Each structure stands twice: as structure tokens, then as C-alpha cells.
Asker: 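Below: one structure in C-alpha cells.
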2 protein chains.
Amino acid sequence: MSKSEETLASIKEVSYQLFAEVGITKTTYSMIAKAVGIAKPSIYYYFKSKEDLIAAIFEDLCSAIQFSTFFEMDTFTKDNFEEKLVELGIHMIDEQAKDPYYNRVLQEYMLMATRYPFYHEKLLMIQKGYLHGFEMLMEKAKHFGLVSDQASAAKAHMLALVLDNIGNFMMLVEHIDYKQIWVEAVSGVFKGSDASGSK
Amino acid sequence: MSKSEETLASIKEVSYQLFAEVGITKTTYSMIAKAVGIAKPSIYYYFKSKEDLIAAIFEDLCSAIQFSTFFEMDTFTKDNFEEKLVELGIHMIDEQAKDPYYNRVLQEYMLMATRYPFYHEKLLMIQKGYLHGFEMLMEKAKHFGLVSDQASAAKAHMLALVLDNIGNFMMLVEHIDYKQIWVEAVSGVFKGSDASGSK
DNA sequence: GTCTATAAAAAGATAGAC
DNA sequence: GTCTATCTTTTTATAGAC
């Protein structure tokens, strides 16, 4: 990693943290420069405007949160299905909880998405990836006879909504068992036409 | 309503809309003054600082979104329970969808809550109101023999999470049947020890 | 209550030396 | 690549007349 690559990475990292801590709008080039340890105009060598910087951080974020990053369709079998779904969801929650800035930065960009088409398009695609991904999972579960035919799209969307928004909830309320909530959401969906797991 | 009360109401209304449309930070006294049709310093007669204005809009918002505003415990009986829960949830979704600014403004304040203790405290209290409110509802449902004993707190929290965050989801994705998602979430919870409604 | 005028601070951004 | 110096614009906020 060259010196200039290091500076670039440092600017991005510091910006990401500041976006979470004080918000995108209130993050200034002065603050970034001070935190990185360079002069304010030096940032313009890497990002010709603040708008560019905001977009660059966004691109990095988008890459990390695709549905396929956390849910591999092939790992689901008739026998492990519900268990696997619980496990991968919890893994996703854990991964995102590791990064103390993630939820706040994502929410910052969610609000930007309501104001700028560029951000709306990209986040919508990711969101649709989750909706569609869970629909596919429900199809597979239906094929295995693990869930009822009824409203399987709504079931899929409910799961996507719960998982995607546990992070939002975590921002405010700390002392809750989020994993249990996910277990409950999944279990509610699979209680329909249970062929195997009757306790 | 006196002239001065009208001006005050207008400042608040315009600010609320601007908070949604361009964000709290990017909303300036110039923009507000222009939209209201007064001079910029006139706003200082009503709000001695922008900070004060932001807090005032917040207080108004908080009053409108208490758990008890939407869920009246006494209306739930053994026979109407699931149906009532679905109905009141949908009513809440409808009410909030009527106000095109609501979700964005709330999310703005959610982010403020992660940065300022004042906002954190108030929103946390509201959130806890929902969590506790749904816990009480689950207790009542348990008492009626409508849900199983297992993980009833997690069930309650799952419902609170789904309902509170449908709004967040609606900001981004428009074409989804949110009511069906709520129906599905409720139905998943009640599928446990179903004494009456066996189809 | 509402205005005009203005102060004080800070923002995003550029010029140009090294 | 990184710096110092500087420009322009806009912000929140105040003073004081009407």
C-alpha cells in the first residue's frame, strides 16, 4: 500500500466515522483534515468535492451489504432449513453489530435516498435484492413442504423487514434480545404446515 | 387564533416540511422565512435559536406517536383479539401514511437521538412504550389462551419492531403490501396454541 | 411583531508555491 | 502530493428603527 493509498484509505475511514458521529451534513473537510492529520485542501486531491466523497463512501458501503453476502441459497436443505435461516440471520446481525458506525451511516444514506435519485436507485436495488432473496428462500421452503402456500410473498417480505430493521432498532434500544426476535419471526413463518419438526 | 399564533403555526408547519424535504441540518432560517413570507429575523421572535426550533418540532411529534394513541388495551377481547390487533396496526400504518413528511422527519430525529441525550431519552421512552405495550397485549392474549407461553416477550418485541419499522421501509420501497406484512407478523404469533380458530 | 442592516463565524472551494 | 493563503458564499444571530 503506497503512501497515497494510505492517505486515501485514511480519509475514507475517518469520514465514515464522522458521518456516523456527527452526520454527513455536519461533517466538514476541516474536521476530516484534522482527524487525518493533513491540511484541508489536500483532501481535494482525492475528492474534488464533498459530494464526491459522500458518494465514494456510499459505494463502499453498498458493496458490503448485498443479500448474497450473507445468504447463500445452496446451503439450504430440507433438513436444515429453519435452523440455517436462523443461523445466517444471526450471523448478519452479529457482523453489523461489530461495526459501531454502520447503522447510523446507513440511516444517513437512507435519508439521502429519499432526496436524491442516485441514492434512491442504489439502495432500492439492494432492498429489492433482500425482498427477492427471501422470496426465493420461501419458494424453496415451499418446495420442501416446510411452509404453507398462503401469502408466502408477505412472509418473505416480513422476514426481510425484520432483519433489515433490527439494526435500526438497535440504534435506540440496547438491552433487547435481537436474536430471539429473529428466531421468533422465522418460527412464525415455519409454523404453517410443519411436516417434520413437531414437538 | 391570533395573528401571532398563526405565524407561529406557520413557522412550525413549514419547518416540519423542510425538515423532511431537505433535512434538519440543511434547513435554514432563510428558507423558512421565505416559505412563511416573513423576514428572517422575525423567526427569532418565536424561536431564540435554531436548536430551540428543532426541539419544538420534536415535542409536537412525540405527542402524536405514543403507543396509547393507537392501541387501547380495553378494546381487546378473547374473541376479537387477533382481528383487533391487525385492525389497529393497519389503522396506525394508514394514519402515518397520510402524512408524507412523517417518516422522514422521524428518521431525522432518530439519528439525532444517537447523538444527543435529550433526543435519545425521549425517543427511547416512546419506543419502550411500544415494547411494553405489546408485552401487555401478549400477556392478555396468553391469559385468553390465544398464544403459547413460549418467548412471549420476543413475540411482543417482534411485533413492535415490525410495526415501528414498516414506516422506515415505506420510505424506500413503495410497491409493497405493508398491511399483508403486518397480518403475517400477527398471524405468525398467534399460530402457536390456537384454541379457537382452526381452519 | 416585523422590519433593515449588519456582524461574526465557518463552510466549500481554488490558486499557486514547493 | 501537500502546503499556505485567500476567495466567495452562506450561515446563525444581534442591534435597533418602526
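The structure presented is a predicted model; accordingly, all values stated were derived computationally and were not measured. Every chain is numbered from 1, with letters handed out A, B, ... down the list of sequences.
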Asker: In whole angstrom, give the distance that lies between atom NZ of A:K50 and atom C1' of C:dA11.
Answerer: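 A:K50 atom NZ is separated from C:dA11 atom C1' by 9 Å.
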
Asker: What about B:Y119 and B:F58, are their ring centers closer than 6.0 Å?
Answerer: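 For B:Y119 and B:F58, the ring centres are under 6.0 Å apart.
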
Asker: Whole Å only: how far is the CD1 atom of B:I43 from the P atom of D:dT11?
Answerer: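 Taking CD1 of B:I43 and P of D:dT11, I get 12 Å after rounding.
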
Asker: Spell out protein contact along nucleotides 2-7 of chain D as letters: B when the base is contacted, S when just the sugar-phosphate is, - when no protein heavy atom is under 4.0 Å; keep the 5' to 3' order.
Answerer: BBBB--

Asker: For DNA chain D, find the residues of residues 22-34 of chain B with a heavy-atom distance under 4.0 Å and give them by number; none if there aren't any.
Answerer: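 Hits under 4.0 Å, by residue number: B:T27, B:T28, B:Y29, B:S30.
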
Asker: How many angstroms lie between atom CE of B:M171 and atom CZ of B:F169, to the nearest 0.5 angstrom?
Answerer: 11.0 Å

Asker: Could you check how far OH of B:Y44 sits from P of D:dG16, rounded to whole Å?
Answerer: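 To the nearest whole Å, that distance equals 17 Å.
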
Asker: Would you mind reading off the distance between A:D52 atom CG and C:dG12 atom P, rounded to a whole angstrom?
Answerer: 14 Å

Asker: Does one side chain, of B:E184 or A:H157, offer a donor that lies under 3.5 Å from an acceptor on the other?
Answerer: no

Asker: Roughly how many Å is it from CG in B:L53 to C1' in D:dT12, rounded to a whole number?
Answerer: 13 Å

Asker: Should B:K12 and B:E6 count as an ion pair when the cut-off is N to O under 4.0 Å?
Answerer: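 Not counted as a salt bridge, because no side-chain N and carboxylate O are separated by less than 4.0 Å.
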
Asker: For A:Y29 together with A:Y44, are the ring centres under 6.0 Å from each other?
Answerer: yes

Asker: Just checking, is any N or O donor in the side chain of A:T25 or B:K26 under 3.5 Å from an acceptor N or O on the other one?
Answerer: no

Asker: Just checking, any donor-acceptor pair under 3.5 angstrom between side chains of B:Y16 and B:D99?
Answerer: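 Indeed, the side chains of B:Y16 and B:D99 share at least one donor-acceptor pair under 3.5 Å.
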
Asker: Do A:F134 and A:F71 have their ring centres less than 6.0 Å from each other?
Answerer: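 Centroid distance A:F134-A:F71: below 6.0 Å, so yes.
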
